[in-house]
Number of protein chains: 2
Amino acid sequence: MEETPTSRAERRRRTEERILSAARTVFAERGFERATIRAIASMAEVDPALVMQYFGSKQELFDQAVRIPAIPPLNGALDELVEELLARVVIKIGPIPQASLAMMRSMLTHPEAAEGVRARLDEQVGQLGAAIPARDAELRAALMISTMLGVTIAHQLLDLTALRDVPADRLAKIVRPALVALTGPDAAAEES
Amino acid sequence: MEETPTSRAERRRRTEERILSAARTVFAERGFERATIRAIASMAEVDPALVMQYFGSKQELFDQAVRIPAIPPLNGALDELVEELLARVVIKIGPIPQASLAMMRSMLTHPEAAEGVRARLDEQVGQLGAAIPARDAELRAALMISTMLGVTIAHQLLDLTALRDVPADRLAKIVRPALVALTGPDAAAEES
DNA sequence: TCGTTGAGTCAACAACCGTTGAGTGAACGG
DNA sequence: CCGTTCACTCAACGGTTGTTGACTCAACGA
């Protein structure tokens, strides 16, 4: 069973990843302000000073911890985009990356996190808006994103009782028509 | 011009309200953790110690500051309810009470605030669900509330660029069909 | 008029947190 | 084999924050 891999580079790599993992967990459940370097170090079974030595500051640790490997682009036909949105925040109910949860948890109280989320959402709004034919394309896209954001927050972070233990496909089935409705007016309903 | 109203009870009442007002402002824009008693006291032009003397603790100050005078009930026909929801979080664009903003700002990082918001939202979900005929009434109600929550957060707290300076009625016009879609299946679209 | 009450201030304590610098011992390279 | 490097620890500093106790002074009641 796994001999102690006493190799310098290897040990370094492992404890660094252990710290990052602990950081993601603690940031995700407490948010930036309440998360303490000491708690993260303790969970990673490491001295707090080591965290500083590796990452320089709490903010840089946060940045590295929430950095998502790639920004999955958002393009294709409108119907596929709706489905993709649903898949991302509803279907992927368990494996919503802890990095994203950490960012969302902190976005209302930590300015840097707010900026990060805003930038990422703005980007998605742009991509999504490009696929919407209606006037107000960007506005509609922003409202679609806002909707998914609200569902995610209520479900994952606030833990609304009515949303507990609801299978993903039931959520998707109900939310889908709402998203479609946001994509544009399907017929009349236009007046001065 | 307003002679100094040197009456003991009156002075007390006024500075207390000044502190509460400052608390609402600071809590709303910084959240519970980042808001400091000293900052609140400074804004109220009062010594920090006085805040403690009046309210006992930071948490009690928060409780009193975000306590909303009455819980506006939510009942009536379904159409009216949708309109009421829209009115509350979209139309009332300016005068969303600072107390509510303070609670929302803190709800992701401060457990007490989270509990308060959850309780209030659960209550609204119950009231709204009672007016929805479809099966999954409560689930649908929860998703409607979640949608409005998302729009409010994106618009008021995150300040999404696509939602900046958008007149309230334009928002309402686009969001309304989505809310209606969440109230239930209007026709077929039901299979195994 | 005079003792009492209470609004408001000042200085400080205790705890916590991010951060730092010196130090230790084992892996590394020659 | 030995000096160097480097992962890692220990103890502490400095700043901020919630909170407290003693104090001042003007309004109050008799």
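We find that CD of B:E17 is positioned 16 Å from P of C:dA7, with the value rounded to whole Å. Between the CD1 atom of B:I40 and the P atom of D:dT19 there is a distance of 11 Å, rounded to whole Å. The CG atom of A:D47 sits 16 Å away from the P atom of C:dG25 (whole-angstrom rounding). Protein atom NZ of B:K58 is 11 Å distant from nucleotide atom C1' of D:dT16, rounded to whole Å. As a whole-Å value, the separation of A:M52 CE from D:dC13 P is 18 Å. A straight line from CD of A:E33 to P of C:dG18 spans 10 Å, rounded to a whole angstrom. In this structure, B:E16 atom CD and C:dA7 atom P are separated by 9 Å, rounded to whole Å. Distance B:Y54 OH to D:dT19 P: 18 Å, rounded to the nearest Å.
In this structure, the side chain of B:R18 engages the main chain of B:A44 through a donor-acceptor pair within 3.5 Å. Between the A:T15 side chain and the A:R12 main chain, a donor and an acceptor come within less than 3.5 Å of each other.
Comment: A:R118 engages A:E115 in a salt bridge, judged by a side-chain N to carboxylate O separation of less than 4.0 angstrom.
Taking 3.5 Å as the limit, the base of C:dG6 and the side chain of B:R12 contain no donor-acceptor pair of atoms between them. Counting distance only, with no hydrogens placed and no angle test, the side-chain atoms of B:R38 and the base atoms of D:dG18 include a donor-acceptor pair under 3.5 Å.
At a threshold of 4.0 angstrom between heavy atoms, the contacts of A:F55 with the nucleic acid are absent. Using a 4.0 Å heavy-atom criterion, one finds that A:A35 contacts the sugar-phosphate atoms exclusively.
Side chain of B:A49, nearest nucleotide from D:dT9, C:dG18, C:dC10: C:dC10. In this structure, of C:dT19, C:dG8, D:dC28, it is D:dC28 that holds the atom nearest to the side chain of B:S7.
Residue B:R8 places none of its side-chain N or O atoms closer than 4.0 Å to OP1 or OP2 of D:dA26. Dashed line: the shortest gap from a side-chain N or O of B:R11 to OP1 or OP2 of D:dA26 is not under 4.0 Å.
Taking CG from A:L163 and CG from B:D122, the interatomic distance works out to 9.0 Å, rounded to the nearest 0.5 Å.
In terms of position on DNA chain D, the residue among B:Q53 and B:S57 whose nearest nucleotide sits closer to the 5' end is B:S57. In terms of position on DNA chain D, the residue among B:R34 and A:T15 whose nearest nucleotide sits closer to the 5' end is A:T15.
Annotation for B:R30 and A:T109: closest pair O-CG2, 3.8 Å, computed over non-hydrogen atoms.
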